[in-house]
K.L.:
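Once you've had a glance at the structure underneath, I'll fire off some questions.
Numbered from 1 within each chain, the chains take letters A, B, ... in sequence-line order. All values reported here derive from a predicted model rather than from experimental measurement.
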There are 2 protein chains.
Amino acid sequence: MTRQEATRTQRIPLNRDRVLRAAVALADSTGIDALSMRRLAQELDVVPMALYKHVANKEELLDGMADAVVGEIDPPAAGPDWQRVVRGRILSARQVLLRHPWAVRVIESRTGPTPAVLAYLDSMAGTFRDGGLSADLTHHVMHAMGSRLLGFSQELFDTSGPSGPPDPGLAARHPNIAELAATAAHDGGSTVGGGCDDQFEFEFALDLLLDGFENLRRQGWTSARKA
Amino acid sequence: MTRQEATRTQRIPLNRDRVLRAAVALADSTGIDALSMRRLAQELDVVPMALYKHVANKEELLDGMADAVVGEIDPPAAGPDWQRVVRGRILSARQVLLRHPWAVRVIESRTGPTPAVLAYLDSMAGTFRDGGLSADLTHHVMHAMGSRLLGFSQELFDTSGPSGPPDPGLAARHPNIAELAATAAHDGGSTVGGGCDDQFEFEFALDLLLDGFENLRRQGWTSARKA
DNA sequence: TTGACGAGTGTACGCCGTACACCTACGATC
DNA sequence: GATCGTAGGTGTACGGCGTACACTCGTCAA
């Protein structure tokens, strides 16, 4: 059956939402690098240019994908303890990003905040404010969290993926790293980044920051940099 | 003078170093997106394929560029106060990355740590260890710092570049963000990210983390996650 | 009946990275 | 000095990319 015939019989018309969903699914299954307009069109059984009736260009497609992912993050739980609310939501965001590993790079590469990100940040700021942090402190706190707000910790390199054979000279050249790797090898990981419990590392830093924020709040911290 | 004639007269032969330096310069001046093998070859007055005698492919070129940039970071200062040593070096790294804004994305996109990054991390780990942090704590501390070790804070979106006209409905839709923007508008910035003192934000988070680490060290903190 | 319009099509252009075969100048070897 | 291996630069070509632009065609309002 050619595309023409399919048109005549039954054909769900394309729309922006179907395009975005297909794009997310394709990125999930084949990786973001394999996501091209042509490949996506093929997936939707449509000619590449058809996509451009629904998204202005590839950048806007990526914007939409980022928003779709951010939209998956749980709404904030209710509760009197702002640290718990923030913590829970950020860990939810982290789960979302673990489901869509490509999304980290896509979100980072947006030049401006997309609507869903903006809404998320606004909501998160509200949680801090409701928790008793001043607007001033909230502002700096959100900066300090950076991308951690969205659940990714920005490691220096990708620890997943196949790591080559361990470099025998590495320990000699980098004794400190070797030592750290040794302490981290609690379950057999042997490479630099391997054998780490990413979830533990993420929560370690998160809690350190949240506790630091709470301390500043209690002290009535205020930035002293006004002109 | 054609390329041929230039060859006959005087022609500095290409080598890996010249290629990398030219690539860094080109990225500095025209941005990383405009850096293509073809464009780089043109800059060196050479045919594109000539580059492949000196770098295996574009990825390896980017690896080399990342290493070149990381190599610009100051060596650690001497001193008894580990917090000051770490702080100073990270702020040096930050200056380097401000000189080469494209480097953040390039470093992030490497799939594994390049030699210079590895050396830098090893040296940094040594500073923590010399400061009295246990190998265990040092490990988690380095994870907690993440890319901040290299001087970038991973903001959620790029606050440089031209921001469009301020959205009049934004304040209504996102009251909390609007409030934060208002408190931050100490020198006339009007957009969400604008008007922030990036250096202040960076040091705020950095010091918060360093102080947190020092507290853990004093308490003799140890991870309780062993099996 | 017509005619505007929205959705999908087809073709084409100029980029990109790079495989592969080639040439050419040079330094070592006999 | 003739020979030859080799390193470095060249030229051509391929497949893929994003997307501009002109088109067709089915639907529906007037």
K.L.:
Can you measure B:Asn15 atom CG to D:dG9 atom P for me and round it to whole angstrom units?
P.N.:
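Whole-Å distance recorded here is 9 Å.
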
K.L.:
Once you round it to whole Å, what is the distance between P of D:dT10 and CG of B:Leu44?
P.N.:
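Interatomic distance, CG of B:Leu44 to P of D:dT10: 11 Å.
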
K.L.:
Is the NZ or CZ atom of A:Arg94 positioned over A:Phe152's six-membered ring, under 6.0 angstrom from the centre and within 45° of the axis?
P.N.:
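Not flagged: A:Arg94 not positioned over aromatic ring of A:Phe152.
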
K.L.:
Give the ring-plane orientation class for B:His139 versus B:His143, where under 30° counts as parallel, over 60° as perpendicular and anything between as tilted.
P.N.:
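Taking B:His143 first and then B:His139, their aromatic rings stand perpendicular (interplane angle over 60°).
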
K.L.:
Look at the side chain of A:Tyr120 and the backbone N and O of A:Leu149, then say whether any donor-acceptor pair between them is shorter than 3.5 Å.
P.N.:
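Indeed, once roles are kept as given, a pair shorter than 3.5 Å links the two residues.
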
K.L.:
Which whole-number value in Å describes the distance from A:Ile32 CD1 to D:dC17 C1'?
P.N.:
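From A:Ile32 CD1 to D:dC17 C1': 15 Å.
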
K.L.:
Between B:Arg173 and A:Asp122 (salt bridge meaning N to carboxylate O under 4.0 Å), is one present in this structure?
P.N.:
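The answer is no: the pair does not qualify as a salt bridge.
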
K.L.:
Anything under 30° is parallel, anything over 60° is perpendicular, the rest tilted; go ahead and classify B:Phe128 against B:Phe213.
P.N.:
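Aromatic pair B:Phe128/B:Phe213 classed perpendicular.
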
K.L.:
Check whether any side-chain nitrogen or oxygen of A:His54 sits under 4.0 Å from OP1 or OP2 of C:dG6, and answer yes or no.
P.N.:
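Checking A:His54 against C:dG6: no side-chain N or O falls below 4.0 Å of OP1 or OP2.
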
K.L.:
Scan nucleotides 17-21 of chain C against the protein and return all N/O pairs shorter than 3.5 Å with their distances rounded to 0.1 Å.
P.N.:
unit_1: C:dG17; atom_1: OP1; unit_2: B:Met37; atom_2: N; d: 3.4
unit_1: C:dG17; atom_1: OP1; unit_2: B:Lys58; atom_2: NZ; d: 2.8
unit_1: C:dG17; atom_1: OP2; unit_2: B:Met37; atom_2: N; d: 2.9
unit_1: C:dG17; atom_1: N7; unit_2: B:Arg38; atom_2: NH1; d: 2.2
unit_1: C:dG17; atom_1: O6; unit_2: B:Arg38; atom_2: NH1; d: 3.1
unit_1: C:dG17; atom_1: O6; unit_2: B:Arg38; atom_2: NH2; d: 3.2
unit_1: C:dT18; atom_1: OP2; unit_2: B:Tyr52; atom_2: OH; d: 2.9
unit_1: C:dT18; atom_1: OP2; unit_2: B:Lys58; atom_2: N; d: 2.9

K.L.:
Which parts of residues 23-30 of chain A get close to DNA chain D, meaning a heavy atom less than 4.0 angstrom away?
P.N.:
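Contacting residues: none.
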
K.L.:
Send over the distance from B:Asp33 CG to C:dC15 C1', rounded to a whole Å.
P.N.:
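From B:Asp33 CG to C:dC15 C1': 14 Å.
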
K.L.:
Between A:Glu108 and B:Arg105, is the closest basic N to carboxylate O distance under 4.0 Å?
P.N.:
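Not counted as a salt bridge, because no side-chain N and carboxylate O are separated by less than 4.0 Å.
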
K.L.:
State whether A:Asp28 and A:Arg99 are salt-bridged, where the test is any N-O pair (Lys NZ or Arg NE/NH1/NH2 against Asp/Glu carboxylate O) under 4.0 Å.
P.N.:
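Salt bridge: no.
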
K.L.:
C:dA7 C1' sits how many Å from A:Arg16 CZ, rounded?
P.N.:
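Result: 17 Å.
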
K.L.:
Ion pair present between A:Arg89 and A:Asp74, side-chain N to carboxylate O less than 4.0 angstrom?
P.N.:
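A salt bridge is absent here (no side-chain N lies under 4.0 Å from a carboxylate O).
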
K.L.:
Within the side chain of A:Ser29, is there an N or O that forms a donor-acceptor pair under 3.5 Å with the backbone of A:Leu26?
P.N.:
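Yes, the answer is positive, given that a donor and an acceptor are paired below the 3.5 Å cut-off.
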
K.L.:
Pairing donors with acceptors under 3.5 angstrom, does anything connect the side chains of A:Asp67 and A:Thr114?
P.N.:
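On atom types as modelled, these side chains qualify, holding a pair under 3.5 Å.
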
K.L.:
Calculate the interatomic distance between B:Gln42 atom CD and C:dC16 atom C1'; express it in whole Å.
P.N.:
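In whole Å, C:dC16 C1' and B:Gln42 CD are 14 Å from each other.
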
K.L.:
Check the distance between C:dA7's P and A:Arg18's CZ and give it to me in whole angstrom.
P.N.:
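It is 13 Å, rounded to the nearest whole Å.
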
K.L.:
Salt bridge or not for A:Arg16 and A:Glu60, using N-O below 4.0 Å?
P.N.:
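So A:Arg16 pairs with A:Glu60 through a salt bridge.
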
K.L.:
How bent is the helix from C:dT1-D:dA30 to C:dC30-D:dG1, measuring the angle between the end axes built from five pairs each, rounded to 10°?
P.N.:
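For the helix from C:dT1-D:dA30 to C:dC30-D:dG1, the axes at opposite ends meet at about 10°.
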
